[in-house]
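These notes are about the structure you will find just below.
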Number of protein chains: 2
Amino acid sequence: MAGLRERQKAKRHRAIIQAASTLFKQNGYEAARIEAIAEAAEVSVGTFYNYFEHKADLLLAIVSMEVEEVLHQGEGVVAAPPGDAYEAICALVATYYDHSLVYLTKEMWRTAMAFSIQSPDTPFSRRYRELDQQLSEQVVALMTRLQQGGLLRAGVDTRAFGELTFLGLNGLFTTYTVTEGMALDALKAGMFRQVRALTTQIGTSEGA
Amino acid sequence: MAGLRERQKAKRHRAIIQAASTLFKQNGYEAARIEAIAEAAEVSVGTFYNYFEHKADLLLAIVSMEVEEVLHQGEGVVAAPPGDAYEAICALVATYYDHSLVYLTKEMWRTAMAFSIQSPDTPFSRRYRELDQQLSEQVVALMTRLQQGGLLRAGVDTRAFGELTFLGLNGLFTTYTVTEGMALDALKAGMFRQVRALTTQIGTSEGA
DNA sequence: CTGCAAAACTGAACCAGTTCAACTTTTTTC
DNA sequence: GAAAAAAGTTGAACTGGTTCAGTTTTGCAG
């Protein structure tokens with residue numbers, strides 16, 4: 001059975017994330033002071049740092065949730081992709097993009113990305129890269145499956161193309177988070193164009 | 001003729017960049033205190049902030065220099081590319097990568113990237129994106145030229161492929177700066193593989 | 001139940017980037 | 001060339017994330 005200590009720890013952990021989540025949505029990440037988060041979670045500042053190494057670690061908790069859900073949804077697409085290479089890849093891309101603002105704002109994404117680049121040796125950064133890695137693998141998996149289904153040419157290096165596609169969709173996503181005025185539709189349109197160019201070249205004519 | 005004020009301003013600007021450059025190389029970007037930079041430039045902290053809005057703006061000065069030189073070298077490649085699509089694109093990529101550590105360390109790159117993502121509305125960020133944009137355009141220009149020379153298939157959307165290639169080389173470069181143990185050769189090898197996969201599919205057989 | 005060790009909590013102090021009101025220097029005006 | 005205006009300089013104070021020495025709480029052995 002879990003002791004008092006364990007239970008309290010879990011409760012506080014949840015309370016802090018809850019408080020942070022609320023304050024982030026309310027006033028943005030930057031504007032949310034640690035002091036305010038601690039207060040809202042009924043905890044001292046010192047205790048906050050007992051649970052999280054950095055303010056940014058709060059984001060990681062949210063980003064992880066986000067990406068894990070996206071990976072799960074993505075599995076569905078890979079398992080039963082549309083019967084056309086262009087449609088299939090776009091479906092996966094759209095799954096990623098559409099989910100991206102459920103828990104996070106653009107500002108929060110920017111902060112998470114920036115932190116993961118700036119401090120690569122933190123647990124945060126390692127985990128973030130790991131999640132990216134998994135997304136990349138999923139794109140590769142889809143391409144491999146399309147190839148097996150005869151929708152991509154036999155000679156295509158699906159790993160290389162999958163990774164390239166991921167880097168592309170990731171790069172465009174960064175542009176999107178960095179451009180306050182850019183809507184989700186513009187992001188999708190941009191990526192769909194890349195996918196169109198790609199599948200026109202490496203796809204077979206089966207689904208054209 | 002330039003007044004005393006103008007001359008002093010230019011002199012101080014140079015002195016600060018000079019001091020910062022030295023200290024950054026010596027102990028790294030993070031470790032270089034504004035106070036120390038100001039002191040080395042024989043200027044007060046307040047004056048420093050009269051010349052640069054943020055500490056990171058010092059990086060921009062260096063990054064700009066860096067990228068401008070790279071763009072210049074890249075022009076050479078685009079103007080007279082090797083007679084094979086794979087070789088040509090790799091040559092451009094290598095030009096970019098080889099130059100990347102002349103003025104900047106990995107840590108400095110990370111800081112610059114992180115800042116440009118984190119604070120998109122600063123002059124720093126805008127300029128950084130502009131430089132990225134120019135690099136991207138250069139890749140597109142090369143691809144277009146290769147297509148005109150019959151080294152890429154006629155139907156290929158060189159803009160889409162060029163931009164995708166840039167996003168790819170950029171993404172791998174980020175991985176490189178974030179992985180302290182990764183050597184330049186590993187970075188190049190990774191990108192060359194992508195280019196190989198790409199040119200195998202969209203290249204003509206002329207230079208095979 | 002008592003005492004002790006380990007774990008967790010606390011908030012005042014720390015640190016480094018940034019700001020700003022007072023001061024100095026340069027330029028302009030007459 | 002004196003006086004006012006404009007521009008630039010200064011460092012002490014501010015800000016907000018992070019640390020840490022001292023205190024409290026919990027778990028456990030006797």
Side-chain angles (χ1 to χ4, degrees), chain A residues 1-16 19-20 23-24 26-61 107-108 110-112 114-116 118-119 121-125, chain B residues 1-16 19-20 23-24 26-61 107-108 111-112 114-115 118-119 121-125:
Chain A
M1 101 190 75
L4 173 57
R5 202 155 253 177
E6 292 289 309
R7 269 178 291 130
Q8 280 230 328
K9 225 159 121 176
K11 196 179 85 181
R12 286 199 162 127
H13 198 271
R14 251 179 291 118
I16 293 171
L23 288 176
F24 287 168
Q26 217 163 75
N27 315 308
Y29 173 85
E30 286 247 29
R33 304 284 149 237
I34 298 283
E35 216 174 325
I37 295 171
E39 198 171 337
E42 295 184 309
V43 138
S44 77
V45 169
T47 296
F48 171 87
Y49 277 96
N50 232 326
Y51 287 81
F52 297 90
E53 224 177 315
H54 305 277
K55 185 184 180 186
D57 287 333
L58 289 167
L59 282 184
L60 182 61
E107 186 216 9
M108 288 160 80
R110 287 198 303 264
T111 306
F115 191 88
S116 83
Q118 176 85 274
S119 312
D121 285 333
T122 56
F124 182 113
S125 186
Chain B
M1 104 191 73
L4 174 56
R5 200 153 253 176
E6 291 289 308
R7 269 177 291 129
Q8 281 230 329
K9 222 159 122 178
K11 196 178 87 184
R12 285 195 162 131
H13 199 271
R14 253 180 289 118
I16 293 172
L23 288 175
F24 288 169
Q26 217 163 75
N27 315 309
Y29 173 84
E30 286 246 28
R33 304 285 149 237
I34 298 283
E35 215 173 327
I37 295 171
E39 198 171 335
E42 295 184 307
V43 137
S44 77
V45 169
T47 296
F48 170 87
Y49 278 96
N50 231 327
Y51 286 81
F52 297 90
E53 222 176 316
H54 305 277
K55 185 184 179 187
D57 286 333
L58 288 168
L59 282 183
L60 183 60
E107 187 216 10
M108 287 159 81
T111 307
F115 190 87
Q118 175 86 274
S119 312
D121 285 333
T122 57
F124 182 114
S125 186

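Letters A, B, ... mirror the listed sequences (proteins, then strands); counts begin at 1.
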Starting from P on C:dA6, measure out to CD on A:Glu6 and report it in whole angstrom. 18 Å
Between CZ of B:Arg7 and C1' of D:dA7 the distance, given in whole Å, is 16 Å
Just to verify, what does A:Tyr49 make a ring-ring contact (aromatic ring centres under 6.0 Å, His included) with, not counting sequence neighbours? none
Heavy atoms only: give me the nearest A:Glu30-A:Arg33 pair and the separation to one decimal. O-NH1, 3.1 Å
For a quick test of reading the model, state the closest non-hydrogen atom pair linking B:Phe48 to B:Val43 and the distance between them. N-CG1, 3.8 Å
If you measure from CZ on A:Phe24 to CD1 on A:Ile37, what distance do you get to the nearest 0.5 Å? 4.5 Å
Of residues 27-36 of chain B, the positions that come close to DNA chain D - non-hydrogen atoms, cut-off under 4.0 Å: none
If you look at every heavy atom in B:Ser125 and B:Ser119, which pair is closest and at what distance? CB-O, 3.1 Å
So which of residues 45-58 of chain B are in contact with DNA chain D, with a heavy-atom cut-off of under 4.0 Å? B:Gly46, B:Thr47, B:Asn50, B:Tyr51
Measure the distance from CD1 on A:Ile37 to P on D:dG16 and round it to the nearest whole Å. 13 Å
On the nucleotide C:dC9, are OP1 or OP2 found under 4.0 Å from the side-chain N or O atoms that A:Arg12 carries? yes
In this structure, NE2 of A:His54 is separated from CG of A:Asp57 (nearest 0.5 Å) by 5.5 Å
With a distance cut-off below 6.0 Å to the six-membered ring centre and an angular limit of 45° from the axis, does B:Lys55 pair with B:Tyr29 as a cation-pi contact? yes
Side-chain donor-acceptor contact under 3.5 Å, A:Thr47 with A:Ser44: yes
